[in-house]
Protein chains: 2
Amino acid sequence: MSNIRAVADLAGVSVATVSRTLQQPDLVSPKTRAKVTSAIKQLDYKPNLMAVKFRSGKTYNIVVLVPTVANVFFARVIRGMQEAAAAEGYALLLVNTMGDDDTEQKYAKMVHTSQADGVVQLRAFNPFDEAPSDNDDLLPMVNACEVLDAPNCPTVSLDNRRAATAMTEHLIELGHSRIAMFKGPKASPLTRERMLGFKDALQVAGLAYCEELMFAGDFTLHSGYEAADRLIAQNLPVTAVFCENDEMALGAICRFKEAGLRVPEDISVSGFDNIAFANYSDPPLTTIAQPAEEFGETAINLLIDVLKGKSKRAMKVILPFDLVARKSTGPAPKTPVNFTQ
Amino acid sequence: MSNIRAVADLAGVSVATVSRTLQQPDLVSPKTRAKVTSAIKQLDYKPNLMAVKFRSGKTYNIVVLVPTVANVFFARVIRGMQEAAAAEGYALLLVNTMGDDDTEQKYAKMVHTSQADGVVQLRAFNPFDEAPSDNDDLLPMVNACEVLDAPNCPTVSLDNRRAATAMTEHLIELGHSRIAMFKGPKASPLTRERMLGFKDALQVAGLAYCEELMFAGDFTLHSGYEAADRLIAQNLPVTAVFCENDEMALGAICRFKEAGLRVPEDISVSGFDNIAFANYSDPPLTTIAQPAEEFGETAINLLIDVLKGKSKRAMKVILPFDLVARKSTGPAPKTPVNFTQ
DNA sequence: GTGAAAGCGCTAACAG
DNA sequence: CTGTTAGCGCTTTCAC
């Protein structure tokens with residue numbers, strides 16, 4: 001692999017001139033420029049960007065901490081990040097953290113060791129052990145999707161509370177009053193906010209909130225299936241289920257149908273995220289659409305602003321949601337189904 | 001950010017000693033080692049890995065060209081790669097290529113510019129424009145999942161032809177003789193191989209191959225839906241559909257049900273990949289399971305072998321498949337349904 | 001067991 | 001407009 005010196009020698013100029021020809025061609029006379037360009041071609045010279053980065057102290061790498069790349073929603077977010085990053089010359093170091101704190105810490109440290117310039121965290125967990133000081137030395141990080149209260153960290157989020165309220169209102173308008181909720185992981189702020197939004201709507205409608213109608217899950221198809229299983233076993237009088245994401249909703253529908261229930265005639269099911277499958281399930285899923293790609297794009301742009309010192313660290317972006325009413329929700333039956341029939 | 005010089009000064013030793021303390025502690029006297037270690041702690045010194053990489057000429061980065069990260073199957077492959085790479089100290093530069101040749105070329109060039117050591121390509125397309133020479137200077141690349149005939153490139157693949165034969169035999173055993181196929185993109189070798197396997201099985205069973213029963217698709221839910229739509233419109237006598245991936249199968253099932261058809265009583269549908277959703281659809285999908293994570297893991301390990309000069313470039317790994325029979329395929333009806341009824 | 005010094009490939013003063 | 005040179009942070013001979 002030829003280096004800048006080889007080009008300089010072949011062109012009969014100094015390395016500085018070669019560098020300039022590449023960086024600021026205007027400062028080089030056309031004649032010299034031609035010689036250099038020709039030498040570069042001849043040697044098929046490519047600048048060693050490793051050296052460039054080393055020297056500049058910038059890596060043009062961004063670490064992205066993703067709980068699971070296997071999640072369809074995150075896949076869309078990643079696509080958005082990818083495009084925004086590429087546009088600015090950054091590469092993404094994607095890390096599938098599996099929600100593991102140690103993994104996150106480990107990879108976030110790539111910033112400390114000058115392997116990356118900043119971090120985008122898609123989960124609400126601060127990957128740095130340092131106590132949040134008012135010190136300006138905080139690592140450049142942006143938090144997206146699942147958002148954290150950290151005051152020093154720009155965030156991109158959805159108004160999860162209001163979105164959950166909207167979905168709950170949709171169910172209430174359909175006549176549902178006994179609504180179960182299939183929740184995400186306890187530690188997730190998403191879960192907390194969506195539950196608050198759920199409660200808001202109940203309260204406005206004058207409906208009681210029942211703790212026993214809350215079912216734990218973890219955003220996987222399987223956990224939705226299992227929660228439905230528990231709901232059926234307990235045989236509680238319920239006419240609708242608000243699932244905190246689409247995968248759980250799809251898993252739940254699967255279980256309900258196995259039990260001989262019709263969706264939505266016997267029980268309505270709603271999701272959250274609007275993944276591609278939501279439109280092809282039977283029945284198609286009523287859900288909340290999130291601008292996933294925009295999450296990614298915004299997160300990267302925010303981070304780049306931070307890296308350039310352009311942005312205040314307190315920037316909070318809230319993206320809009322959209323309730324997509326499909327066929328999985330319908331009018332409440334007169335009386336709740338008896339699951340054990 | 002403190003550097004090795006600062007540590008050396010504080011410890012009252014030379015930079016060489018600091019470096020040795022980190023790299024080959026045995027060569028340093030315990031007393032000095034203690035001084036250095038203490039200085040490192042005191043300054044919270046982290047070696048600048050950018051500099052290390054620059055000097056060593058190794059980046060410990062691997063570029064991964066993924067057609068779409070949004071594809072559930074690839075998401076699993078990525079997880080496998082991630083783990084194997086981390087184990088060897090490599091980071092993954094994930095690129096969502098959208099199947100675009102230019103994007104692939106551009107990112108593959110990161111190897112040329114010393115930003116990455118090698119490439120894993122998940123699509124059967126050679127990202128380097130250079131004519132394949134017998135020159136040893138070929139870029140370190142491994143091809144996985146969709147495999148290429150390139151002689152100089154290690155590959156990890158499934159025996160797609162045999163898998164397709166197995167699936168077709170399964171359908172034939174159920175009494176189906178008029179089987180449609182929903183294909184992937186024309187350019188994909190997967191499509192070609194799976195079609196060959198399909199034909200193999202037909203031939204062995206003495207069944208005719210009908211060109212008009214082949215429907216084009218592109219592996220998305222939507223394309224499966226559309227292919228089913230065309231099949232219905234043409235009203236061909238068909239009792240089963242072999243889809244080349246699960247997403248198309250799920251899209252097709254959606255369309256068939258809209259048309260009032262029962263799966264599998266009126267028409268059987270099979271997929272390929274065994275994504276998570278395949279087990280939660282209605283009906284659960286009969287499909288071919290691929291060891292996705294193992295694809296990723298193997299690809300990375302193969303690449304690392306190449307990078308270390310350990311491996312011959314001709315290495316071809318073939319991973320096993322597994323036919324998972326669920327409820328979307330069943331006995332053929334006596335007479336094919338009339339779609340226009 | 002330790003230090004001095006060269007050098008990886010490049011860019012940016014600074015001179016000329 | 002072009003060349004000389006220092007130096008980014010680190011590892012690695014080669015002396016001592």
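Just so it is clear, the model here is predicted, and its values are computed rather than measured.
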Taking for A/Asp26 and for A/Val15 the nucleotide of DNA chain D with the nearest heavy atom, the one nearer the 5' end belongs to A/Asp26
How many whole angstroms separate atom CZ of B/Arg55 from atom P of C/dC8?
9 Å
Side chain of B/Ile4 only, heavy atoms from C-beta on: which candidate in D/dC1, D/dC10, C/dG3 is closest?
D/dC10
Please determine, for the side chain of A/Asn3, which listed nucleotide (D/dC10, C/dC10, C/dT2) has the closest atom?
C/dC10
Considering only NZ, NE, NH1 and NH2 on the basic side and carboxylate oxygens on the acidic side, decide whether A/Arg79 and A/Glu297 come within less than 4.0 Å.
no
Between C/dG9 atom P and A/Leu43 atom CG, what is the distance in whole Å?
14 Å
Round to a whole Å and report the spacing from NZ of A/Lys58 to C1' of D/dC8.
16 Å
Would you mind reading off the distance between B/Gln23 atom CD and D/dC10 atom C1', rounded to a whole angstrom?
9 Å
Regarding B/Gln115 and B/Lys109, do their side chains bring together a donor and an acceptor under 3.5 Å, going by distance alone?
no
Would you mind telling me which of D/dT11, C/dG3, C/dA12 lies closest to the side-chain atoms of B/Val13?
C/dG3
Side chain of A/Arg20, base of D/dG3: donor and acceptor closer than 3.5 Å?
yes
In whole angstrom, give the distance that lies between atom NZ of B/Lys53 and atom C1' of D/dT11.
16 Å
In terms of side-chain heavy atoms, does A/Thr155 have a donor or acceptor partner in A/Asn143 at a distance below 3.5 Å?
no
Short side-chain N/O contact to C/dG1 OP1/OP2 from B/Ser29, under 4.0 Å
no
To the nearest angstrom, how far is B/Lys46 atom NZ from D/dC10 atom C1'?
17 Å
Between D/dT11 atom P and B/Met50 atom CE, what is the distance in whole Å?
15 Å
Which comes earlier along DNA chain C counting from the 5' end, the contact point of A/Val18 or that of B/Ser14, where each point is its nearest nucleotide?
B/Ser14
Atom-pair distance (CZ on B/Phe54; P on C/dC8), nearest Å
8 Å
Output the single nucleotide from D/dT2, C/dC10, D/dC10 whose closest atom is nearest the side chain of A/Thr17.
D/dT2
Answer yes or no: is there an ion pair linking A/Asp101 with A/Arg123, defined by an N-O contact shorter than 4.0 Å?
yes
Any chance the side chains of A/Glu146 and A/Gln121 put a donor and an acceptor closer than 3.5 Å?
no
